[in-house]
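The sequence lines fix the lettering, A, B, ..., with proteins before strands; numbering per chain opens at 1.
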Amino acid sequence: MYLHPLSLQLMSKRVRVRFAPSPTGGLHLGGVRTVLYNYLFAKKHGGDFLVRIEDTDQSRYVPGAEEYIFDCLKWCGLDPDESVQHGGNYGPYRQSERKSSYRQYAEQLVKDGHAYYAFDTPEELEKMRQDFRTEQNPSPQYDHTIRMKMRNSLTLTADETEKMLRDGKFVTRIKMPAGETVSFMDMIRGEVHFDTSLVDDKVLLKADGMPTYHLAVVVDDHLMQISHAFRGEEWLSSAPVHILLWKYLFGLGNMPQWAHFPLILGPNGKLSKRDGSKYGFPVFAMNWTDPKSGELTEGFKEKGFLPGAFINLLALLGWNDGTEQEIFSKEELIEKFSIERVHSGGAKFDYEKAKWFNHEWIKRWPVRDLSYQVKPLLEENGLWVPDDNLLNKVIELVKDRCTFLPDFIQQSSFFFKSPDSWDLDAVKPNWNPDKRIFFENFATRLAAISTWESVTLENEFKNLAGEKNIKPGELQLPFRIMLVGGKFGPPVFHIAELLGKEETISRIEKAVSLF
RNA sequence: GGCCCGUUCGUCUAAGGGCUAGGACACCACCCUUUCACGGUGGUGAUACGGGUUCGAAUCCCGUACGGGCUACCA
């Protein structure tokens, strides 16, 4: 039997994947999809999914963001096996708490000649960018062509370097080799090559002793035994730095397999929070309030998406199983997901399609589960639900008309509260004394009815209309307005059935006096 | 500018050298329905362009164009 090289590697090592967010704000679509693909891959292969908080940039730290990320994962049903909150044997899971472990690796790199110390001030760096800026090269980099013109342990004498190091103001930079080709196998894109001459000497350890992403991701992926490193495409161009670090530090043979997911695009470019407010759709999983500005950004949860639908639509944004199936449960996704079938091209987010997914989920979702979600919504809006049995019947009757959870409020309020306003414009033009008499008589007839079922009511309605010589069709709309208040809702006799005899008659009598 | 990644209906995508390029969302029409929806039937609509390779190309190769990402002591 032929085994793809990837499958061979899969079998050799326990699958461990990670999601590594920085706690800087709301968790958006792209982030959740990265979580999802990681999670699905881990579960499919019986592996571990862990969350590592990348909080090495203290200036960008936002209080509450970390907690919020875990809340989002919980709502999505994508709980990690290991994390700050879930524990595990590879902690701490917050990079700021791992600070002390990075320095030795940076020093090792310097010792081996793969990195060096640099002392340039921000002003000097800025000056360098100005001085070397040309038409052909609008953004000069700190690279092999420039580094010998800067202040670092390569250009300074040993004594000078020693003195600078004692001052403590320095960074460690990787010494990118010139003229080498770095290549690696991306599980989605195949082999990718880079010319190391074109990559700059990235900072590995910052002046405050914190690692940058580049060092931290490699060290932690190694220490946490990550088998597959999946992340967004925005990381692809820095991959050669990470590959080289693996080579220098832990050996290419121990490196995880890589996959770079395509970006989720907005109407123009990478999807942003701005796109959401501009075009009127959520981009965050859950409501996010910026602690500084107090600005609230609406989330998919609060908009009224079902978590299953949210995950479903995200999964299909860049992946499919090769069949025409579009609605997948989480379990089905775990079973059918494969990295190799993830697209390489970016996908534009289509809110209309997202709405369709949620609508489909609401239609298929068991009534009991829906009612568990809907009941609190109704109560928040001042609608008292007398018994769950009635609620279930109501939900069954109206769910085809609901795209979002909150739609149930509008679609079912009249079952729990009699209307306090009526769409008179819909009735008045064709209203006349004969119709008034019809409804007065109808109320009387209803009072005498013994089997309160929609078919019986409809027959009674049509019979009386026949006696009065009025077309039943002309009477149905007024009847609806009496019961509902407006031109919407399920078939009117079904409404009457659920409303019950007393309530139906009382609504007719009240409305007749107003029309 | 440089490097990297990408390109099939408006959008998400199927088709891994061989059917009339298939499906879904959206849109349009009709049917159902004397409310609003759901639903049903049908329709409009795509292989970016130019060269190769081949009996045969959406598919493989090259070039061009276009889109995106990166180009920080941010991730």
With rounding to the closest Å, how many angstrom separate the P atoms on B:rU53 and B:rU47? 24 Å
Contact list for residues 120-143 of chain A, test ring-ring contact (aromatic ring centres under 6.0 Å, His included), sequence neighbours left out: none
Considering heavy-atom distances to RNA chain B, does A:Arg189 or A:Asn320 have its closest nucleotide positioned more toward the 5' end? A:Arg189
Short N-O contact, A:Asp200 and A:Lys202, less than 4.0 angstrom: yes
Sorted by position of nearest nucleotide on RNA chain B, 5' first, the leading residue of A:Val492 and A:Ile188 is A:Ile188
If pairing requires Watson-Crick or G-U wobble contacts with both distances under 3.5 Å, which nucleotide is the partner of B:rU53? none
salt_bridge(A:Lys127, A:Glu123) N-O dist < 4.0 Å: no
Counterpart base for B:rG39, defined by Watson-Crick or G-U wobble contacts under 3.5 Å: B:rC31
Between B:rA75, B:rG68, B:rC25, which nucleotide has the shortest distance from any of its atoms to the side chain of A:Leu263? B:rG68
Does any N or O donor sit under 3.5 Å from an N or O acceptor when you compare the side chain of A:Lys353 with the base of B:rA24? yes
The Watson-Crick or G-U wobble partner of B:rC66, with both key distances under 3.5 Å, is B:rG6
Tell me which nucleotide, if any, is Watson-Crick or G-U wobble paired with B:rG1 when both distances must be under 3.5 Å. B:rU71
Under a 4.0 Å threshold between the charged nitrogen and the carboxylate oxygen, would A:Lys462 count as salt-bridged to A:Glu460? no
Looking at B:rC4, B:rC73, B:rC25, which one has an atom nearest to any side-chain atom of A:Phe194? B:rC4
Is there a donor and acceptor pair closer than 3.5 Å between the side chain of A:Arg401 and the base of B:rC38? no
With rounding to whole Å, what would you report as the distance between B:rU35 and B:rG43 at their C1' atoms? 28 Å
